[in-house]
Asker: 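What follows is a structure written as structure tokens; I'll ask about it next.
Only heavy atoms go into these numbers, but all of them, side chains included; no hydrogens, no water, no symmetry mates.
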Amino acid sequence: MKTRHVYSTTGMDMVKEGIRVARQSGIAHEDVSLIARDDIELEAIPEERKVVDNDFYPAALRGVGIGGASGLLAGLVAVAIAPIGLTLAGAGAMALVGAAMGAWASALAGSAVPDPVRRKFEDEIKDGRILLVLDGDDEALERVAPKLAGIGATRLPFDTPTALS
């Protein structure tokens, strides 16, 4: 499982060096992304490095879990009530429907919520800093941390498992 670490940088030169250091330390290309103020993102950050601005995917994953559990519970209750005549296969079908509905509803709600990094470090972003977001295994993140500190990047308090790793 990958973990997400966030570093604050003061400009694009530091970001470019940070990306180089991260890649040399074993962080995959697709696991390096950036977050900045809108005006900085528009003119300086390549599209492939931008972090998605909402909580869509994590919310969808939570919805699948909660909806599936709710559907399964409702299905098992229906199986227990003899006059309804629902089979265990019917309970499974209710679990699938619950998971689908939960994913849809949660993803819809999550698309309106900014991602957790952007929410937590809103002041850093407003102050014009560029956040270097790294997803990686513990070994790679431990290797890169002192190197990033050496170029002046500041590690921010964010140490969270990546939802889709």
Asker: Have a look at Ser8 and tell me which of Leu132, Leu156, Ile125 forms a side-chain contact (heavy atoms from CB on, under 4.5 Å) with it.
Answerer: Leu156
Asker: Taking all non-hydrogen atoms of both residues into account, name the closest pair between Pro157 and Lys120 and its distance.
Answerer: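 For Pro157 versus Lys120, the nearest heavy atoms are O-NZ, 2.6 Å.
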Asker: Identify the residue among Asp127, Leu131, Ile35 that makes a side-chain contact (heavy atoms from CB on, under 4.5 Å) with Phe121.
Answerer: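 The single option meeting the side-chain contact (heavy atoms from CB on, under 4.5 Å) with Phe121 is Leu131.
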Asker: Could you check whether any side-chain heavy atom of Asp135 comes within less than 4.5 Å of a side-chain heavy atom of Thr3, counting everything from C-beta outward?
Answerer: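 Side-chain contact under 4.5 Å: no.
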Asker: Using the rule given for side chain to side chain contact (heavy atoms under 4.5 Å, CB included), can you reason through Ile27 versus Leu141, listing the C-alpha separation, both sets of side-chain angles and the distance that settles it, and then say yes or no?
Answerer: CA-CA 8 Å; Ile27 304 293; Leu141 292 171; 3.9 Å; yes
Asker: Within this structure, what is the CZ-CG distance for the pair Arg143 and Asp138, rounded to the nearest 0.5 Å?
Answerer: 11.0 Å
Asker: Looking at Lys147 and Ser25, what are the two nearest heavy atoms and their distance?
Answerer: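 Shortest heavy-atom separation between Lys147 and Ser25 comes out as NZ-OG, 3.4 Å.
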Asker: Just by distance, do the side chain of Thr9 and the backbone of Ile130 share a donor-acceptor pair under 3.5 Å?
Answerer: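 A pair under 3.5 Å: yes.
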Asker: Using side chain to side chain contact (heavy atoms under 4.5 Å, CB included), reason through Glu17 and Asp13 one step at a time and then give a plain yes or no.
Answerer: CA-CA 6 Å; Glu17 182 64 15; Asp13 290 337; over 6 Å; no
Asker: What's the separation between atom NE2 in His5 and atom CD in Glu142, rounded to the nearest 0.5 Å?
Answerer: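 Result: 8.5 Å between the selected atoms.
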